[in-house]
Participant: 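Following this message is one structure expressed as structure tokens.
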Amino acid sequence: MTKRALITGITGQDGTYLAEHLLAAGYEVFGMIRGQAPPATRGKKRPNPEVRLVSGDLLDQPSLIASIEQVQPIEVYNLGALSYVPISWQQAATTAEITGMGVLRVLEALRIVSGVTDSQAPGPGQPRFYQASSSEMFGKTRETPQNELTPFHPRSPYGVAKTFGHYTVQNYRESYGMFAVSGILFNHESPVRGAEFVTRKVSLGVAAIKLGLRDTLQLGNLDAERDWGFAGDYVRGMALMLARDEPEDFVLGTGVTHSVKELVASAFAHVGLDWREHVVVDPSLLRPAEVDQLCADPAKAGEKLGWKPAVSFEELVAMMVDSDLRLLWDSRHDLGTKAPEVASLW
Ligand code: NAP
Ligand code: G4F
């Protein structure tokens with residue numbers, strides 16, 4: 001029988017790459033979208049047409065139970081979240097509900113549909129669960145690099161919500177014996193990254209400046225350091241975590257750290273420009289509490305999953321800038337309507 005996977009967050013960056021990866025591996029892929037199917041996808045990039053859409057919301061417990069009953073998946077990937085860190089201060093309660101409590105709701109839906117209780121262990125063929133945990137949980141880091149045993153000290157409502165989700169997964173594994181794992185993923189990016197995140201903001205900004213569509217790029221903290229990798233590499237790791245005999249959590253990252261300043265310098269240099277002539281620091285973009293530096297120790301994933309990222313930082317920056325040069329060039333007569341990302345620039 002064809003293997004069925006259910007993905008929450010199918011319209012996001014990782015949902016896009018994971019669906020592609022699982023379809024290529026022969027899975028039947030179902031993606032959960034909010035609201036009524038046609039209006040919910042209007043104005044957004046529609047998921048791969050081979051993905052079958054089901055209606056559901058991480059805020060709505062009955063919709064999650066119904067989706068799992070309908071799809072009967074062997075794997076569930078919970079990628080849905082309010083994932084933009086700055087918004088989490090403005091909408092802390094919504095973030096807690098979606099990004100934190102949403103994890104509990106999916107696990108409860110799986111537990112109920114599978115008939116698992118504290119006295120009824122999961123039977124063979126019970127669906128496996130992947131949670132999108134985040135390096136943002138390390139926050140004010142206690143050690144460098146960070147691995148699966150590094151203590152958490154989240155610095156944003158988003159990080160706090162992810163930490164709740166992370167421990168909830170661990171608790172369902174220990175309480176009910178469910179196959180539930182978390183991937184603690186460091187920042188991963190791509191040409192379909194949301195335009196509000198710094199890598200994509202920079203690649204779109206550089207492309208627009210190179211094409212003469214604008215002259216400056218406003219940014220916040222240039223000294224923050226991140227471990228940036230390519231999203232396509234990271235979704236491979238998610239699938240590998242669910243393919244193991246034992247449920248365990250894994251860190252995925254490159255082990256190489258760069259500052260925002262280095263990101264900016266590399267992106268401008270790729271098109272032959274000097275960033276100092278175009279970048280303006282806007283203090284309103286600074287965060288109430290910053291995560292100063294993140295750097296992964298992905299040794300466990302290398303050893304037990306055989307996982308290793310294939311795309312370097314320099315290749316990633318070049319890929320994103322080139323893609324946005326093409327995007328802006330193709331939509332130059334039609335700014336704002338052809339691509340939602342372009343509209344966000346003006
Ligand atoms: P993304 O592009 O922001 O996508 C987030 C997805 O969540 C969207 O499909 C969105 O759907 C969905 N969503 C939001 N609220 C929802 C709700 N109430 N019910 C159901 N779905 C909802 O995020 P991403 O970069 O692909 O990241 C995927 C996951 O990994 C997220 O959980 C993120 O927090 C986590 N993560 C990401 C990174 C990274 O660097 N990318 C690193 C660590 C962890 P709509 O289209 O309907 O808004
Ligand atoms: O791209 P960012 O917004 O990503 P951030 O906050 O690290 O979060 C991302 O990665 C997490 C994994 O660690 C995910 F869990 C989360 O969902 C998300 O995908 O910001 C990166 C850094 C920050 O230090 C920020 O202060 O870039 C700095 N920055 C400087 N100027 C900026 C800007 N960030 C944004 N978004 N916009 C700026 O203008």
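Residue numbers start at 1 and run along the sequence shown. Read the numbers this way: they start at 1 and go in the same order the structure lists the ligands and their atoms.
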Participant: Would F197 count as a polar contact of ligand 1, with the cut-off being nitrogen or oxygen pairs under 3.5 Å?
Facilitator: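 Between F197 and ligand 1, no N or O pair is found under 3.5 Å apart.
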Participant: Charged N to carboxylate O under 4.0 angstrom, D249 versus K300?
Facilitator: no
Participant: According to the interplanar angle, ranging from 0 to 90°, do the rings of Y77 and Y130 count as parallel (below 30°), tilted (30 to 60°) or perpendicular (above 60°)?
Facilitator: tilted
Participant: Can you tell me which portion of I98 lies within the under-4.0 Å heavy-atom range of ligand 1? Options are side chain, backbone, both, or neither.
Facilitator: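 The side chain, only.
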Participant: Starting from atom 21 (C) of ligand 2, find the nearest protein heavy-atom neighbour and note its residue, name and distance.
Facilitator: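 Its nearest protein heavy-atom neighbour is V198 CG1, 3.7 Å.
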Participant: Run the numbers on S63 and D57 for side-chain hydrogen bond (donor to acceptor under 3.5 Å, both in side chains), then give the verdict.
Facilitator: CA-CA 6 Å; S63 75; D57 194 309; over 6 Å; no
Participant: What are the atoms of ligand 2, with element, lying closer than 4.0 Å to any heavy atom of S135?
Facilitator: 12 (C), 13 (O)
Participant: For a 4.5 angstrom cut-off between non-hydrogen side-chain atoms, does Y172 reach F129?
Facilitator: no
Participant: With a 4.5 Å limit on heavy-atom distance, are the side chains of E225 and C295 in contact?
Facilitator: no
Participant: In terms of atom number and element, which parts of ligand 1 are under 4.0 angstrom from non-hydrogen atoms of N187?
Facilitator: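 Once the distances to N187 are compared, the set is 40 (O).
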Participant: What are the atoms of ligand 1, with element, lying closer than 4.0 Å to any heavy atom of K162?
Facilitator: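 Close to K162: 31 (C), 32 (O), 33 (C), 34 (O), 35 (C).
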Participant: What do the steps show when you test D223 against S259 for side-chain hydrogen bond (donor to acceptor under 3.5 Å, both in side chains), and what is the final call?
Facilitator: CA-CA 6 Å; D223 296 323; S259 66; over 6 Å; no
Participant: Could you note down all residue pairs passing salt bridge (Lys or Arg N to Asp or Glu O under 4.0 Å) where residues 86-109 supplies at least one of them, sequence neighbours left out?
Facilitator: E97-R105, E108-R111
Participant: Can you tell me if D57 contacts ligand 1 (heavy atom of the residue under 4.0 Å from the ligand)?
Facilitator: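 Flag set, D57 near ligand 1.
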Participant: Looking only at N/O atoms, are G56 and ligand 1 under 3.5 Å apart anywhere?
Facilitator: no
Participant: List every atom of ligand 2 that sits less than 4.0 Å from any heavy atom of E136, numbering the atoms from 1 in the order shown and giving each element.
Facilitator: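 The atoms of ligand 2 under 4.0 Å from a heavy atom of E136 are 13 (O).
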Participant: Give the residue, atom name and distance (to 0.1 Å) of the protein heavy atom nearest atom 36 (N) of ligand 2.
Facilitator: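 In this structure, atom 36 (N) of ligand 2 has E196 O, 2.9 Å as its nearest protein heavy atom.
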Participant: Counting the benzene-type ring for Trp, do F152 and F138 have ring centres under 6.0 Å apart?
Facilitator: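 Ring centroids of F152 and F138 are less than 6.0 Å from each other.
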Participant: Just which atoms of ligand 1 are under 4.0 Å from any heavy atom in S133?
Facilitator: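 Reading through ligand 1 atom by atom, the close ones are 43 (C), 44 (C).
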Participant: Using a strict cut-off of 4.0 Å, indicate which atoms of ligand 2 neighbour a heavy atom of L285.
Facilitator: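 The list of qualifying atoms is 39 (O).
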Participant: Please could you name the atoms of ligand 1 that G80 approaches to less than 4.0 Å, counting only its heavy atoms?
Facilitator: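 In order of numbering, the contacting atoms are 7 (O), 12 (C), 32 (O).
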Participant: Looking at atom 39 (O) of ligand 2, what's its closest protein heavy atom, distance included?
Facilitator: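 Atom 39 (O) of ligand 2 sits closest to the protein heavy atom K201 NZ, 2.8 Å.
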Participant: Using distance alone, determine whether H188 and ligand 1 share an N or O pair under 3.5 Å.
Facilitator: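 Yes, at least one N or O pair falls under 3.5 Å.
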Participant: Any chance the rings of F186 and W228 have centres within less than 6.0 Å?
Facilitator: no
Participant: Among protein heavy atoms, which lies nearest atom 3 (O) of ligand 2, and at what distance?
Facilitator: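 Answer for atom 3 (O) of ligand 2: R287 NH2, 2.9 Å.
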Participant: Do any nitrogen or oxygen atoms of A81 lie less than 3.5 angstrom from nitrogen or oxygen atoms of ligand 1?
Facilitator: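 Indeed, backbone or side chain, A81 has an N or O that close.
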Participant: For atom 19 (O) of ligand 2, what's the nearest protein heavy atom and its distance?
Facilitator: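 Scanning the protein heavy atoms, the shortest distance from atom 19 (O) of ligand 2 goes to R193 NH2, 2.9 Å.
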Participant: If the cut-off is 4.0 Å to any non-hydrogen atom of G220, which atoms of ligand 2 fall inside it?
Facilitator: 30 (C), 31 (N), 33 (C), 39 (O)
Participant: Would you kindly check if the NZ (Lys) or CZ (Arg) of R193 is within the cone defined by 45 degrees around the ring axis of F197 and under 6.0 Å from the six-membered ring centre?
Facilitator: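 Yes.
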Participant: Can you list the atoms of ligand 2 that are under 4.0 Å from a heavy atom of A224?
Facilitator: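 Those atoms are 24 (O).
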Participant: Measure the distances from the heavy atoms of R193 to every atom of ligand 1 and state whether one is below 4.0 angstrom.
Facilitator: yes
Participant: With a cut-off of 4.0 Å, which atoms of ligand 2 are near a heavy atom of L294?
Facilitator: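 Contacts of ligand 2 toward L294, numbered from 1: 13 (O).
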Participant: Enumerate the atoms of ligand 2 whose separation from the nearest heavy atom of S83 is less than 4.0 angstrom.
Facilitator: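 Contacts of ligand 2 toward S83, numbered from 1: 16 (C), 17 (O), 18 (C).
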Participant: How close does the nearest protein non-hydrogen atom get to atom 23 (C) of ligand 2, and which residue and atom is it?
Facilitator: R226 NH2, 3.5 Å
Participant: With heavy atoms of D14 as the reference, note each atom of ligand 1 found under 4.0 Å away.
Facilitator: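 What qualifies from ligand 1 is 26 (O), 27 (O), 28 (C), 30 (O).
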Participant: Taking the minimum heavy-atom distance to atom 34 (O) of ligand 1, which of W228, Y158, F186 ranks first?
Facilitator: Y158
Participant: What do you reckon, does N78 have a nitrogen or oxygen under 3.5 Å from a nitrogen or oxygen of ligand 1?
Facilitator: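 Checking ligand 1 against N78, no N or O pair falls under 3.5 Å apart.
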Participant: Flag the pair T254 / Y234 as yes when at least one side-chain heavy-atom distance between them is below 4.5 Å, and no otherwise.
Facilitator: yes
Participant: Please say whether the positively charged group of R332, taken as NZ for Lys or CZ for Arg, lies over the ring of W329, i.e. under 6.0 angstrom from the six-membered ring centre and within 45 degrees of the axis.
Facilitator: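 Here R332 passes the 6.0 Å and 45° test against W329.
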Participant: May I ask you to check if ligand 1 and L79 share an N or O to N or O distance below 3.5 Å?
Facilitator: yes
Participant: Contact between W89 and P157 at the side-chain level, heavy atoms closer than 4.5 Å - yes or no?
Facilitator: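 Counting from C-beta outward, W89 and P157 do come under 4.5 Å.
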Participant: Tell me: protein heavy atom nearest atom 30 (C) of ligand 2, and distance?
Facilitator: N221 O, 3.3 Å
Participant: Provide the number and element of each atom of ligand 2 under 4.0 Å from a heavy atom of V85.
Facilitator: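 Answer, ordered by atom number: 6 (O), 8 (O).
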Participant: Which residue pairs satisfy the salt bridge (Lys or Arg N to Asp or Glu O under 4.0 Å) criterion with at least one member in residues 123-141, sequence neighbours excluded?
Facilitator: none
Participant: Indicate, as side chain, backbone, both or neither, the part of Y84 found under 4.0 angstrom from ligand 1 when only non-hydrogen atoms are considered.
Facilitator: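 Neither; nothing of Y84 gets under 4.0 Å from ligand 1.
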Participant: One thing to verify: whether E75 and K3 come together as a salt bridge, which I'm taking to mean a side-chain N less than 4.0 angstrom from a carboxylate O.
Facilitator: no
Participant: Is there a side-chain contact between M320 and L316 in this structure, where contact means two heavy atoms from C-beta onward sitting under 4.5 Å apart?
Facilitator: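 Yes, at least one pair of side-chain atoms sits under 4.5 Å.
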Participant: To check your reading of the model: name the closest protein heavy atom to atom 4 (O) of ligand 2, its residue, and the distance in Å.
Facilitator: N187 ND2, 3.6 Å
Participant: Does this structure show an ion pair linking K304 with E248, if we count only N-O contacts that are shorter than 4.0 Å?
Facilitator: yes
